[in-house]
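Remarks on the structure that follows.
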Amino acid sequence: MDIGIIDYYANSGKSFLHRALPFYKMISIALVLLSIVITSDFIVLLSIYLMLTGLVILTRLPFFKIISIAAYPAIFALLFAISSLNGDWIMPATIVLKALDAALAMVILITTTPYPSVFATLSPFLPRLILEGLYLTYRSLFILLGLMGNLFRALKVRGGFGQRSYIKNVRNFASGIGLLLIRGLDLSERLYGVMQVRGYGGRMADENSERRFTQKDILPLAIGLFIFGVSLGARLEEGFSQYGIYLLLFSIVFILTLAFYFYAPNIIRGVFWKR
Amino acid sequence: MSHIHIPDGVMPIWFVLAGWAATAVILYFCMRRVRDVELGRKIPLIGIVSALMILGMTLDIIPIAYHINMSVIAGIVLGPALGFISIFIVDLIISMFGHGGVTVVGLNTLIVGTEAMLGFYFFRVFLGVFGAGRLSPGMSAALAAVLSLIISTCLMIGVVYISQINPERVLHVHKENPLGKIFSLEPEGENKRHKIEDKRIDIETFAKTVFSLGVFGWILEGVITGFVIRYVSRVRPDLVLSEVT
């Protein structure tokens, strides 16, 4: 998983979700997560997944990359699903689908919102030590990513990873991690010192971000509310399942329309072929 | 292999909330413990150790999402209290890109945090046993990692067992109970109209799968932890044998 690319997507995108305020996006994602928690209807969960997939298209981010990042937890869910196999496929499929839905919702949030903005929104609920830890961890991630690339390249070039010399490889890999820890700590200490000299006192500038509801926040919130409403309906009304198929059809039409609208012009004009 | 990678919405709500509550209490005590410590130097260390753990967790050794945790390294370098705080930070961040459910961050922190805390104490005990030899820090760290991972994996299986996960029951709608219509708060609640079969997760199959996959992970993580701590103790012994925080 490339953390650097996730951060790049969050900072470089210009879609409606990128422009919406993190506070309302987080409310919307929280509603989607709540929907996933309360619903157990396979059709509803599948429809939610398709709708979220539609949102990925709307963000104009690389579609398959986002879907593949969000598919990661399905591996673990499979372990769980296999343990609950009893001849019926719906139950394991529901477990896997819940994992996929929740992961895709979170990945949409994190690829459209920079981490510091997410932390800033969470700041009223977190103690200062944890908040500072979150910021420094985020910054340290990129320090380490930079160091790691160079370090492992140097190890390879100098014969640090040989064929069939497993013990030597593990020792060199571990020494590399030790070196990363020490070099990273030096750089992180220097960064923290610079931040303090510049007046850092435990709060980031972005922390007092605006929370005024504007037009650009309507759509993300409406999507969250719609998904939550559908899940609540499925939970409360026994007869809801007969309408589930219409919801599924709606989701399929939604995703096909978006795919046609966003990708068809590129295919017709040959942009993909040029790439 | 000691994480709970259970999807959101499968664990009973009462258990998820209990996990969050226990984590909050432990975090409170951890923060009280480090109240008098000079945190100016410790915060960058928390940042770098947490970042290292995140990178470790996102690097698949085998392409079935099999990764190292480095939580024992965090415990040894940061100490039990700061180690637990660091684990919470890591779990919170990785849950944001779908690595483990968001609702189970509390339970995840308890399990991986236990790993870090035990790792620290085991390391100190083994260090006392092996004395001041050249290989002592590495050996102590490796053994501490293996022991902590075994215990945390047992804890994870215990959590799954205690939660009485029965997907049929948890995913089922309790139509008679108005609150239960939304959340299945009663794990053992009987539904009169819908006979729920006892289709719990087969804990034996689950444990066998986790242990058979885990044993390689424990050894690998133990070896890597040993070498990392051996290296750090030679270059920066102050990081490994610092004050207990």
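Each chain gets a letter, A, B and so on, in the order the sequences are listed, and its residues count up from 1.
Only the side chain of B:Met70 comes within contact range of chain A, with heavy atoms under 4.5 Å apart. Interface remark: B:Ile43 contributes backbone and side-chain atoms alike to the contact with chain A (heavy atom separation under 4.5 Å). Neither the backbone nor the side chain of B:Ile229 comes within contact range of chain A; no heavy atoms are under 4.5 Å apart. At a 4.5 Å heavy-atom cutoff, the contact between B:Val102 and chain A is made by side-chain atoms alone. For A:Leu122, the part sitting under 4.5 Å from any heavy atom of chain B is the side chain, from C-beta outward, and nothing else. The contact between B:Ser95 and chain A is made entirely by backbone atoms, counting heavy-atom distances below 4.5 Å. With a threshold of 4.5 angstrom between heavy atoms, A:Asp186 approaches chain B through side-chain atoms but not through N, CA, C or O.
Around atom OH of B:Tyr28, no more than 12 heavy atoms belonging to other residues, nucleotides or ligands sit under 6.0 Å away. Heavy-atom neighbours of B:Arg234 CZ from other residues, nucleotides or ligands within 6.0 Å: above the threshold of 12. Taking a 6.0 Å sphere around CZ of A:Arg183, one finds it holds 12 or fewer heavy atoms contributed by other residues, nucleotides or ligands.
We find the CZ-CZ distance between A:Arg171 and B:Arg230 to be 6.5 Å, quoted to the nearest 0.5 Å. Here the CD1 atom belonging to B:Ile54 is positioned 9.5 Å from the CG atom belonging to A:Leu144, to the nearest 0.5 angstrom. Between atom CD1 of residue B:Ile94 and atom CE of residue A:Met106 there is a gap of 11.5 Å, rounded to the nearest 0.5 Å. One finds the CE atom of B:Met96 at 10.0 Å from the OG1 atom of A:Thr113 (value rounded to the nearest 0.5 Å).
By number of non-hydrogen pairs under 4.5 angstrom with chain B, the leading residue of A:Val107, A:Leu134, A:Ile143 is A:Leu134. Ranking B:Leu55, B:Ile48, B:Val232, B:Thr225 against chain A, the residue ahead of the rest is B:Ile48, based on heavy-atom pairs under 4.5 Å. Of the listed residues A:Gly176, A:Ser231, A:Gly133, the one with more heavy-atom pairs under 4.5 angstrom with chain B than any other is A:Gly133. Contact count versus chain B (heavy atoms, under 4.5 Å) is highest, among A:Ala103, A:Ser175, A:Ala102, for A:Ser175. Looking only at heavy-atom pairs under 4.5 Å with chain B, the residue among A:Leu185, A:Asp101, A:Leu129 that has the most is A:Leu185. Counting heavy-atom pairs under 4.5 Å between each of A:Leu191, A:Ile36, A:Leu180, A:Leu179 and chain B puts A:Leu179 at the top. Options A:Gly193, A:Gly178, A:Pro127, A:Ala105 differ in how many heavy-atom pairs under 4.5 Å they form with chain B, and the most are formed by A:Gly178.
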**Q.** Pair A:Ile167-B:Val223, side-chain contact (heavy atoms from CB on, under 4.5 Å): steps then yes or no
**A.** CA-CA 9 Å; A:Ile167 300 287; B:Val223 171; over 6 Å; no
Q) Please walk me through it: do B:Tyr231 and A:Ile182 pass side-chain contact (heavy atoms from CB on, under 4.5 Å)? A) CA-CA 10 Å; B:Tyr231 181 87; A:Ile182 291 164; 4.1 Å; yes
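Considering only residues two or more places apart in sequence or on other chains, A:Tyr115 meets the ring-ring contact (aromatic ring centres under 6.0 Å, His included) condition with A:Phe119, A:Tyr138. In this structure, A:Tyr8 has no ring-ring contact (aromatic ring centres under 6.0 Å, His included) partners at least two apart in sequence or on a different chain.
Proximity of B:Leu27 to A:Ile130: side-chain heavy atoms (C-beta onward) are separated by under 4.5 Å at one or more points. Between A:Leu33 and B:Thr103 there is no side-chain heavy-atom pair separated by less than 4.5 Å. In this structure, A:Leu136 and B:Ile46 have side chains that are not in contact, with every pair of non-hydrogen atoms separated by 4.5 Å or more.
Nearest heavy atom pair, residue B:Ile224 against residue A:Ala174, reads O-CB, 3.7 Å.
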